[in-house]
Number of protein chains: 2
Amino acid sequence: MTPAKAGTKAEAKVEAKLPKADSPIAVELAKKQKAISVAEFFEKNRHMLGFDSLPRCLITCVKEAVDNALDACEESQILPDIYIRVRKVDERILNVVIEDNGPGVQKDVLPRVFGKLLYGSRFHAIRQSRGQQGIGISAAVLYAQLTSGKPVRITSRIDPKLPAYVYELKIDTQTNEPKLLSENYDDFFTSRGTRIELNMEATYVRGRQSVMEYLKNTAIVNPHARITFVDPYDERVIFERACDVLPKQPIEIKPHPHGIELGTLIKMLQSTDNLKLSSFLSLSFAKIGGHTMDSICKEANLDPAMAPQDLAQDIDGVKRLMAAFQKIKIQAPPKDCLSPITGDLLKKGLTQNHRVDFISTVSRPVNVSRGNPFLVEAAIAYGGDIDTEGRAEIYRIANRVPLMYQQGACAITHAIERINWKNYNMEQPKGAKMPQGPIMIMVHVASTNVPFTSESKDAIADIPELEDEIELAVREAARDLGRYLAEQKKALDARKKIKMFEAYTKELAIALQDLTGKDHAVIEAQLRDVLAKKFTKFIDTDEPVKQEAANDSPQ
Amino acid sequence: MTPAKAGTKAEAKVEAKLPKADSPIAVELAKKQKAISVAEFFEKNRHMLGFDSLPRCLITCVKEAVDNALDACEESQILPDIYIRVRKVDERILNVVIEDNGPGVQKDVLPRVFGKLLYGSRFHAIRQSRGQQGIGISAAVLYAQLTSGKPVRITSRIDPKLPAYVYELKIDTQTNEPKLLSENYDDFFTSRGTRIELNMEATYVRGRQSVMEYLKNTAIVNPHARITFVDPYDERVIFERACDVLPKQPIEIKPHPHGIELGTLIKMLQSTDNLKLSSFLSLSFAKIGGHTMDSICKEANLDPAMAPQDLAQDIDGVKRLMAAFQKIKIQAPPKDCLSPITGDLLKKGLTQNHRVDFISTVSRPVNVSRGNPFLVEAAIAYGGDIDTEGRAEIYRIANRVPLMYQQGACAITHAIERINWKNYNMEQPKGAKMPQGPIMIMVHVASTNVPFTSESKDAIADIPELEDEIELAVREAARDLGRYLAEQKKALDARKKIKMFEAYTKELAIALQDLTGKDHAVIEAQLRDVLAKKFTKFIDTDEPVKQEAANDSPQ
């Protein structure tokens with residue numbers, strides 16, 4: 001196979017020489033080739049966005065709106081106050097309203113924020129946020145119009161001095177662009193915030209996978225938010241703030257050299273405005289200072305003064321640069337791009353609805369996966385009134401968002417299943433993947449880019465670095481629980497011994513009276529005294545002692 | 001909240017009256033809002049397309065190319081002959097070549113077929129095909145350029161009378177458009193077909209999740225294809241054709257009224273060229289003839305002569321039309337849009353590499369889910385040399401493509417797990433979700449639109465109609481196996497009884513001689529004769545009899 005001469009000349013020759021080829025099948029097939037708009041794609045594949053079963057459609061819609069509200073409030077340093085109302089329109093259709101006290105959405109961008117898929121502010125930013133795709137809320141709009149035929153109604157006010165504007169819009173699926181149906185002003189809307197109102201085919205349910213459960217778990221991991229929910233029976237539930245302090249706002253960072261892909265690096269080299277490789281390296285990446293930059297260039301055998309665009313042409317040079325990124329010691333990425341929940345609040349969350357006998361929390365140091373800083377937090381609670389019907393219960397959280405579906409497909413679950421729980425004094429029947437007993441395991445993965453298995457953000461993909469960190473975090477917490485359980489067992493054994501000993505104290509004292517001549521009452525009192533001193537902590541109570549452990553790994 | 005006056009007048013008034021509002025946070029936030037190209041999106045989320053672990057990246061790439069080759073060959077009625085070669089470039093990079101004898105890709109569309117995500121010929125067609133998204137092969141190109149920095153090289157010839165053209169191309173991720181790097185001709189390429197060559201970061205492995213396993217299973221469910229594979233150690237494996245007949249080509253159909261969404265129906269009404277509702281209904285849908293059309297319009301209280309565009313404005317009318325679609329009896333969709341494997345070939349597939357004692361196959365009738373016709377086929381094999389290390393083994397197939405990952409997240413698995421296998425005389429320990437023993441379960445879901453949980457097409461989403469059909473199919477096959485196992489048990493019990501009886505025949509005969517006066521040798525012979533007659537089928541052999549069962553439900 002030797003390529004012939006290229007270019008338009010060869011082409012012209014061929015087309016002149018050969019018969020007009022309308023016979024080949026390929027020509028017929030080519031006529032059917034067509035671009036597919038991303039809106040069309042997701043309309044057909046809406047289950048990928050979390051719009052599959054009717055109960056779930058409601059949860060997904062509420063989730064996307066609440067995620068956006070929390071992100072927007074935190075970015076603007078506003079304590080979130082979110083109101084959700086669900087009403088029945090008819091047997092098939094629910095009316096859903098989500099209102100927040102956030103910064104509002106500016107008029108020019110509003111139609112696209114709600115009416116265009118793959119449009120957003122957080123996709124290109126390297127910092128922890130709930131939304132990262134620019135798909136979520138427009139997916140809800142898409143689903144609403146598909147099933148109710150009605151547009152969505154958005155009200156937003158960005159300044160108390162300005163009126164709110166009210167838009168009714170749909171998505172034109174063929175172009176993936178918003179289609180405005182009406183545009184109004186509203187002077188009486190709340191002083192600042194956004195309100196979304198949609199009609200959609202959905203079912204309201206209660207139970208383990210429900211809006212209520214999602215909001216409850218959201219409140220646990222976002223204790224700074226007040227969330228009000230009015231259900232279709234007009235019952236109002238308020239999840240009050242557990243603290244009045246906003247979490248520290250994660251700061252946007254530059255990409256870290258570890259884990260950057262070759263193709264991405266080439267693209268960055270091509271498109272940079274920097275004239276020299278040296279400035280490109282120090283200005284485009286996190287944690288590359290002057291000294292590190294020098295070492296990298298030296299290791300890669302590259303001239304710091306060379307033009308980045310020239311390097312982009314030389315794949316071998318780029319490969320050497322990539323290798324140097326790995327070889328030269330570079331500091332871990334700054335952790336202020338992440339917003340961990342912290343051990344205290346994890347503890348608060350897990351014990352808010354439960355009395356527990358023991359709880360252990362772990363925060364792992366920041367790590368990097370494919371250039372994305374991430375950290376894992378874990379908590380294990382045991383005993384008390386935890387009733388998990390045998391098997392340990394798992395709570396999965398990603399960037400402060402509780403994950404409700406696809407537990408079996410999630411890296412958190414898989415990491416937990418890799419652990420031999422018997423090593424930590426827990427019961428695990430042969431073949432069972434989870435420990436048994438009154439155990440709750442909560443894992444929070446915080447990352448600048450959580451690798452979800454699909455757009456519906458139900459499960460975290462099995463990225464080895466991530467799974468390893470999750471396993472380490474859970475193991476650390478499990479070790480504490482294991483120690484506690486061992487002590488409990490020891491205490492139980494000791495109590496048994498004491499009880500047995502106590503039962504024979506009198507007989508023993510009488511026997512000793514014969515040997516020593518001392519009064520058996522005195523001996524008995526002395527024996528009891530010894531028992532009391534030696535086993536004091538086991539004697540008074542059969543109740544296990546409540547214990548806490550916290551492991552904050554050095555970061 | 002009363003909306004104020006709308007329109008430009010109100011807007012002008014507000015902007016004149018109020019101070020220039022550069023203060024609100026929303027204005028700052030708006031500046032960050034940006035459209036995200038679908039290529040950028042998937043570059044960042046490549047794991048959603050099946051490009052996560054290094055061994056898997058290779059499988060996904062081969063799979064996408066082979067799927068395309070099989071689809072293209074079948075559409076053109078060509079017996080597929082596919083060649084795959086994997087070579088090591090260096091420690092990190094593999095070179096992958098996939099070549100087919102298909103119709104080739106026409107010059108004008110080729111760059112976008114390989115260099116644009118969401119571009120294809122099968123997305124809008126309602127019929128069974130492997131590819132349906134227009135993402136797969138361009139995703140491989142995207143991943144290859146990201147990790148190797150190199151363009152992909154495509155050679156294609158659509159007619160032996162024309163030379164092949166050779167393109168080197170990349171995807172411009174910011175625009176999601178192909179970028180041609182070179183364009184040549186090649187006179188010596190095979191007479192017709194397409195060749196793809198990529199360099200990508202990937203690892204070649206063997207075992208359960210490997211290219212070899214994928215190709216083996218692909219050959220099983222596509223017995224009309226010849227597949228040649230050359231591995232990095234230059235070993236060549238040929239999966240020869242098991243039959244020389246192409247499967248019947250599925251025919252493109254119109255949407256079926258059952259399961260059509262309200263929003264889709266409105267869109268169809270808006271964009272149709274038909275002037276009357278009557279012609280719109282009969283021309284736009286499958287299985288709406290004149291009589292059915294009349295009944296539907298009557299039931300919906302709609303004038304058949306009305307303009308579809310007028311109806312599109314009247315949501316209540318559209319809703320009545322939807323309700324009538326459900327109420328009026330409409331024939332099931334034509335099944336020729338599907339291409340089942342059929343019981344015989346399923347049997348052939350499962351027994352190709354195994355000797356089995358029993359096999360049962362089931363083909364369920366065509367059903368509809370959200371307007372998409374689908375059918376389920378199942379096969380269960382038992383015994384022989386099947387060694388599944390205890391637990392039953394599941395083979396999942398969707399539109400003739402074996403699914404390799406995410407078994408735990410798949411509707412096929414979930415449907416199988418819903419079954420109480422003890423009812424079918426199989427072992428299933430408490431808590432175990434699968435039956436135990438030497439059992440293989442194969443399920444094929446054929447649909448005009450398989451609802452995969454993500455773009456990587458690993459697992460089928462839990463759509464209730466689909467899961468129910470899968471369960472029914474597997475149950476039917478399980479019933480046959482259950483009967484077989486019960487007979488086996490009965491035979492075993494009978495054999496035990498006979499053996500016991502035989503052991504005492506002589507004693508019995510002697511005792512009967514005393515009673516009857518007959519010679520005991522004669523009595524013994526008679527007794528043995530009775531035994532032989534009555535239990536003839538159990539006497540000669542301890543081997544279970546090989547049995548087959550096939551259930552083809554009336555369609």
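Keep in mind that what you see is a predicted model, and the values were worked out from it rather than measured. Side-chain atoms are counted along with the backbone in the values below, which use heavy atoms only and exclude waters and symmetry mates. Residue numbers start from 1 in every chain, and the chains themselves are labelled A, B, ... in the order their sequence lines are given, proteins ahead of strands.
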| Which bit of B/Q77 is near chain A, if near means a heavy-atom gap under 4.5 Å: side chain, backbone, both or neither? | neither
| said: Heavy-atom cut-off 4.5 Å, strictly under: side chain, backbone, both or neither for A/V318 against chain B? | reply: neither
| task | Can you tell which part of B/Q33 gets under 4.5 Å to a heavy atom of chain A, answering side chain, backbone, both or neither? | result | both
| field | Residue from B/E201, B/K170, B/R46, B/M200 passing side-chain contact (heavy atoms from CB on, under 4.5 Å) with B/L146 | value | B/R46
| Contact class of A/K319 relative to chain B, heavy atoms under 4.5 angstrom | side chain
| field | Structural part of A/E75 lying under 4.5 Å from a heavy atom of chain B | value | side chain
| query | Can you tell which of A/H124, A/R112, A/K116 has the highest number of heavy-atom pairs within less than 4.5 Å of chain B? | reply | A/H124
| request: Could you have a look at B/I36, B/L29, B/L142, B/V109 and say which one has the most heavy-atom pairs with chain A under 4.5 angstrom? | output: B/I36
| query | For chain B, which of A/G120, A/S76, A/A409 has the most heavy-atom pairs under 4.5 Å? | reply | A/G120
| A/K34 portion near chain B, given a 4.5 angstrom heavy-atom threshold | both
| So which of A/D458, A/I266, A/T147 has the biggest tally of heavy-atom pairs under 4.5 Å with chain B? | A/T147
| A/A35 versus chain B, the contacting section by heavy-atom distance below 4.5 Å | both
| task | Check whether any side-chain N or O of B/Q174 sits under 3.5 Å from a backbone N or O of B/S37 as a donor-acceptor pair, and report yes or no. | result | no
| message | If I measure from the heavy atoms of chain B, does A/I135 come under 4.5 Å with its side chain, its backbone, both, or neither? | response | side chain
| So which of B/T453, B/I78, B/N45 has the largest heavy-atom pair count under 4.5 angstrom toward chain A? | B/T453
| Which portion of A/K267 sits near chain B, non-hydrogen atoms under 4.5 angstrom | side chain
| Can you tell which of A/Q106, A/E261, A/Q407 has the highest number of heavy-atom pairs within less than 4.5 Å of chain B? | A/E261
| query | Okay, side chain of A/S148, backbone of A/N199: is any donor-acceptor separation there less than 3.5 Å? | reply | yes
| Between A/R157 and A/L162, is any pair of side-chain heavy atoms under 4.5 Å apart? | no
| task | Under 4.5 Å heavy-atom distance to chain B, tell me which part of A/N176 shows up: side chain, backbone, both or neither. | result | neither
| query | Hey, is the main chain of B/V105 close enough, under 3.5 Å, to the side chain of B/S156 for a donor-acceptor pair? | reply | yes
| Would B/S456 and B/R56 count as a side-chain contact (heavy atoms from CB on, under 4.5 Å) if you check the C-alpha gap in whole Å, the side-chain angles of each, and the deciding distance to 0.1 Å? | CA-CA 11 Å; B/S456 58; B/R56 188 172 176 191; 3.8 Å; yes
| request: State, with a plain yes or no, whether a side-chain heavy atom of B/Q436 is found less than 4.5 Å away from one of B/P429. | output: yes
| query | Which atoms of A/Y405 come close to chain B, meaning under 4.5 Å heavy atom to heavy atom: side chain ones, backbone ones, both, or neither? | reply | neither
| request: Determine the option with the most heavy-atom pairs under 4.5 angstrom with chain A, choosing from B/G263, B/A461, B/G134. | output: B/G263
| field | Structural part of B/Q133 lying under 4.5 Å from a heavy atom of chain A | value | both
| note | Residue set satisfying salt bridge (Lys or Arg N to Asp or Glu O under 4.0 Å) with B/D462, at least two apart, ordered chain then number -> none
| task | Carefully, step by step, assess B/S454 and A/S454 under the rule side chain to side chain donor-acceptor pair (under 3.5 Å). | result | CA-CA 5 Å; B/S454 87; A/S454 87; over 6 Å; no
| said: What I'd like to find out is whether the side chain of A/T413 reaches to under 4.5 Å of the side chain of A/M434, using heavy atoms alone. | reply: yes
| Part of B/T173 within contact of chain A (heavy atom distance under 4.5 Å) | side chain
| query | Do you know which of B/E43, B/Q145, B/M48 has the most heavy-atom pairs under 4.5 Å to chain A? | reply | B/M48
| For A/A323, which residues count as a side chain to side chain contact (heavy atoms under 4.5 Å, CB included) partner, sequence neighbours excluded? | none
| message | Taking B/F452's backbone N and O only, do any of them form a donor-acceptor pair with A/H47's side chain (distance below 3.5 Å, no angle check)? | response | yes
| message | Looking only at heavy atoms and a cut-off of under 4.5 Å, which of A/R92, A/K32, A/K44 has the most pairs with chain B? | response | A/K44
| task | Taking the side chain as every heavy atom from C-beta outward, state whether A/Y167 and A/R153 have any pair of such atoms under 4.5 Å apart. | result | no
| query | When the ring planes of A/Y185 and A/Y165 are compared, do they come out parallel, tilted or perpendicular, using 30° and 60° as the limits? | reply | perpendicular
| task | Please state whether the side chain, the backbone, both or neither of A/S182 comes within less than 4.5 Å of a heavy atom of chain B. | result | neither
